[in-house]
Amino acid sequence: MNNPFESALRHLHQAFEYAQVDKNLLKILKQPDRTINLSIAFKDDKGEFQVVNGYRVQYNNWLGPYKGGLRYHPRVDINEVKALSFWMMIKNAVVDVPFGGGKGGIEIDPKKLSQGELERLTRAFAKLLAPNIGPKLDVPAPDVNTNGAIMDWIADEYSKLVGKPTPAVVTGKPIGKGGSEGREEATGLGGFIILEELIRKLNLQKPLQVAIQGFGNVGSFLASLLFKNGYQVIALSDSQGGVFSEGKGIDIAKVIQGKRNGKSIGEILPDLKQITNEELLELPVDIIIPAALENMLTEENAGRVKAKIILEMANGPTDASADEILNKNGVIVVPDVLANAGGVTVSYFEWLQNMKSKNWNIKKVREMLKEKMVNAFEEVWKIHREKKISLRTAAYVLALQRLNAKS
Ligand code: NAD
């Protein structure tokens, strides 16, 4: 497996050639400010203690408190978390929110835990992490296999330790527990806004055919929006594999209902052609949307991509070698640090509401999200056209210029 942090640094080096910023920045930004390793002990349902590895990487805080999600996954490792925290630094700068980059994770398969075990694990994690997080220090959020309930347990543990309710210590909380309207849909909606801007610039006509890899928070919200707005989602997948509906759009509401009942996509749509996650990325569609995990497009398969647009909703789905192949083949890659920035943008709105004890309505959140995403898109697009560089390099150039201004 490719090291995602090395891939991230390759992108950084490429952008430096164009960014016209202080050369010392490269030296500083090549490693995180701080890496926190934790051994988390929690009691399982048999009353035995289990000890698992946890991490929090605080990459850089020139623009504001460290900010980024927590991932629970058996394959979490320190290079992955470093890469994810680096991308958060770039993303927050691209979308212009006053946060730095951070990310964390626990090396565990949460699907094998009971609800009680998940809660005890999370509360133990929160206690260990508490001295290193806080509303003005480092603000975690959900990521793969984490959700509002997990954020609520962390906020509760932290609040007990500091002796006062402190919802702003995490974002992505449930509504009623300090969460914001519109946070759950935000990453998918942000990606949708960016895609609409792109197809307008490229003068493309709908219906456009789309394949989406990953059907969790991000993939499912985006798929619904595409379905309702004239796109044809003809392929979908989850960790068990996927389906392909040649020529005909898939009914997304039916898939969402089936997933709620615990079924895999293949089980929900058994009459459609069953495909692997690898095959999905090579389908003859207009747009592919990786919305699962990193390193899905590599040197090995990038040359076989037939789509003309890739909207990176996952973090780091395209490694640096694949990126070069796709650019050479004229595929437009909308980078993760722009495409999936809607989530952290509404996380910022949530944090702001918590800090000011306010509650915004969904209309206000959506309008403000749209404004942020469209502005970020326009700025990246301008750099892309002026410097004749890929959208990814353009996004990194924008981020480096903003970081340089605060260094
Ligand atoms: P999630 O846990 O809700 O869903 C992940 C989905 O990916 C599930 O459908 C799962 O079955 C699928 N999956 C897992 N392994 C897979 C594999 N090997 N092949 C294909 N599918 C696989 O997670 P999410 O919150 O939707 O996050 C998805 C991606 O988006 C991640 O890269 C995450 O970092 C990124 N992201 C999430 C947010 C957010 O707000 N949730 C924000 C920005 C970026």
Side-chain angles (χ1 to χ4, degrees), residues 4-5 7-21 25-26 29-30 59-60 62-63 67-68 83-101 103 187 190-202 218 287 289-291 294 297 309-320 322-324 326-327 331-345 348 369-407:
F5 189 54
S7 239
L9 292 186
R10 258 169 78 180
H11 293 317
L12 179 70
H13 277 272
Q14 282 159 6
F16 247 90
E17 286 177 36
Y18 300 95
Q20 292 158 326
V21 295
L25 231 65
L26 186 58
L29 298 181
K30 266 171 26 184
Y59 208 94
N60 179 281
W62 292 344
L63 301 182
K67 180 92 191 83
L84 289 162
S85 67
F86 168 87
W87 288 320
M88 286 308 299
M89 169 187 74
I90 299 289
K91 187 185 309 182
N92 291 334
V94 167
V95 84
D96 200 17
V97 293
F99 285 131
K103 200 85 181 193
T187 308
F192 173 73
I193 294 167
I194 295 289
L195 185 60
E196 290 275 280
E197 291 302 305
L198 179 74
I199 67 161
R200 199 167 302 134
K201 291 273 188 222
L202 299 175
V218 176
I287 304 164
I289 304 185
E294 53 272 15
L297 289 157
I309 297 174
I310 298 178
L311 182 74
E312 290 188 340
M313 295 306 293
N315 285 305
T318 311
D319 77 10
D323 208 32
E324 280 163 24
L326 293 165
N327 284 335
V331 181
I332 297 171
V333 181
V334 187
D336 46 8
V337 292
L338 174 64
N340 72 28
V344 75
T345 302
Y348 165 56
L369 173 64
K370 182 158 187 196
E371 194 184 320
K372 276 270 180 214
M373 297 305 292
V374 171
N375 285 346
F377 178 83
E378 286 296 338
E379 290 184 80
V380 170
W381 187 261
K382 192 161 160 258
I383 298 172
H384 155 72
R385 297 309 280 247
E386 277 175 8
K387 296 189 186 278
K388 299 189 173 36
I389 53 180
S390 70
L391 288 171
R392 186 186 321 276
T393 306
Y396 276 54
V397 166
L398 177 63
L400 286 174
Q401 289 169 348
R402 289 191 168 141
L403 284 159
N404 191 48
K406 291 282 174 103
S407 63

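Positions are given from 1, in the same order as the sequence printed here. Excluded from the calculations below are hydrogen atoms, water molecules and symmetry mates; all remaining heavy atoms, backbone and side chain alike, are included. Quick caveat, the model's predicted, so the values are computed rather than measured.
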Report task. Drop me the distance from Phe192's CZ to Leu369's CG, to the nearest 0.5 angstrom. Result -> 12.0 Å
Query raised in the report: When the ring planes of Phe5 and Phe86 are compared, do they come out parallel, tilted or perpendicular, using 30° and 60° as the limits?
Result: perpendicular
Report task. Using the side chain to side chain contact (heavy atoms under 4.5 Å, CB included) rule, take Tyr396 and Val94 through it: C-alpha gap first, then chi angles, then the decisive distance, then the call. Result -> CA-CA 8 Å; Tyr396 276 54; Val94 167; over 6 Å; no
Requested in this report: Report yes if the side chains of Lys372 and Val97 come closer than 4.5 Å at any heavy-atom pair, otherwise no.
Outcome: yes
Query raised in the report: Would Leu198 and Leu311 count as a side chain to side chain contact (heavy atoms under 4.5 Å, CB included) if you check the C-alpha gap in whole Å, the side-chain angles of each, and the deciding distance to 0.1 Å?
Result: CA-CA 10 Å; Leu198 179 74; Leu311 182 74; over 6 Å; no
Query - Heavy-atom check, side chain of Ile389 versus side chain of Glu17, under 4.5 Å - result: no
Query raised in the report: Looking at CG of Leu391 and CG of Leu398, how far apart are the two atoms once the value is rounded to the nearest 0.5 Å?
Result: 12.0 Å
Query raised in the report: Is there a side-chain contact between His13 and Lys30, using heavy atoms and a 4.5 Å cut-off?
Result: yes
Query raised in the report: When rounded to the nearest 0.5 angstrom, what is the spacing between CD1 in Ile194 and CD1 in Ile199?
Result: 12.5 Å
Query - For Thr393 against Ala15, the heavy-atom pair lying closest together - result: CG2-CA, 3.8 Å
Query - Spacing of CD1 belonging to Ile289 relative to CD1 belonging to Ile310, to within rounding of 0.5 Å - result: 10.5 Å
Query raised in the report: Hey, does Leu25 have a side-chain heavy atom less than 4.5 Å from the side chain of Trp62?
Result: yes
Requested in this report: Would you indicate whether the side-chain heavy atoms of Asn340 and Glu312 approach each other to under 4.5 Å?
Outcome: no
Query raised in the report: Under the salt bridge (charged side-chain N to carboxylate O under 4.0 Å, His left out) criterion, do Glu197 and Lys370 qualify, and how do the steps go?
Result: CA-CA 11 Å; Glu197 291 302 305; Lys370 182 158 187 196; 5.4 Å; no
Report task. Would you sort out whether Arg10 and Asp323 count as a side chain to side chain contact (heavy atoms under 4.5 Å, CB included), showing the intermediate values? Result -> CA-CA 11 Å; Arg10 258 169 78 180; Asp323 208 32; over 6 Å; no
Query raised in the report: With a 4.5 Å limit on heavy-atom distance, are the side chains of Ile193 and Phe377 in contact?
Result: no
Query raised in the report: Hey, does Leu338 have a side-chain heavy atom less than 4.5 Å from the side chain of Arg392?
Result: no
Report task. Indicate yes or no for a side-chain donor-acceptor contact from Asn92 to the backbone of Met88 under 3.5 Å, with no hydrogens or angles considered. Result -> yes
Query raised in the report: Are the side chain of Ser7 and the backbone of Pro4 linked by a donor-acceptor contact shorter than 3.5 Å?
Result: no
Query - For the student: nearest non-hydrogen atoms of Pro317 and Ala314, plus distance - result: CD-O, 3.3 Å
Query raised in the report: Do Gln401 and Glu379 have side-chain atoms, one donor and one acceptor, less than 3.5 Å apart?
Result: no
Requested in this report: Could you tell me which non-hydrogen atom of Leu29 sits nearest to which non-hydrogen atom of Leu12, and how far apart they are?
Outcome: O-CD2, 3.9 Å
**Report entry** Distance in Å, Lys201 NZ paired with Glu196 CD, rounded so as to fall on 0.5 Å steps
**Finding:** 13.5 Å
Report task. Kindly indicate, with the supporting measurements, whether the criterion side chain to side chain contact (heavy atoms under 4.5 Å, CB included) is fulfilled by Leu195 and Ile287. Result -> CA-CA 10 Å; Leu195 185 60; Ile287 304 164; 4.1 Å; yes
Query raised in the report: So, do Val333 and Ser390 sit near enough that their side-chain heavy atoms are less than 4.5 Å apart?
Result: no
Query - Residue Lys387 excluded, over 12 heavy atoms near NZ under 6.0 Å - result: yes
Report summary line: Taking every heavy atom of Leu297 against every heavy atom of Pro290, the minimum-distance pair comes out as CD1-CG, 4.5 Å
Query - Shortest non-hydrogen contact from Met89 toward Asn60 - result: SD-CB, 3.4 Å
Requested in this report: For the pair Trp381 and His384, name the ring-plane relationship: parallel under 30°, tilted 30 to 60°, perpendicular over 60°.
Outcome: tilted
Query - Shortest non-hydrogen contact between Gly316 and Trp87, atoms and distance - result: CA-CH2, 3.4 Å
Report task. First locate atom CD of Glu386, then atom NZ of Lys388, and finally report the distance between them rounded to the nearest 0.5 Å. Result -> 9.5 Å
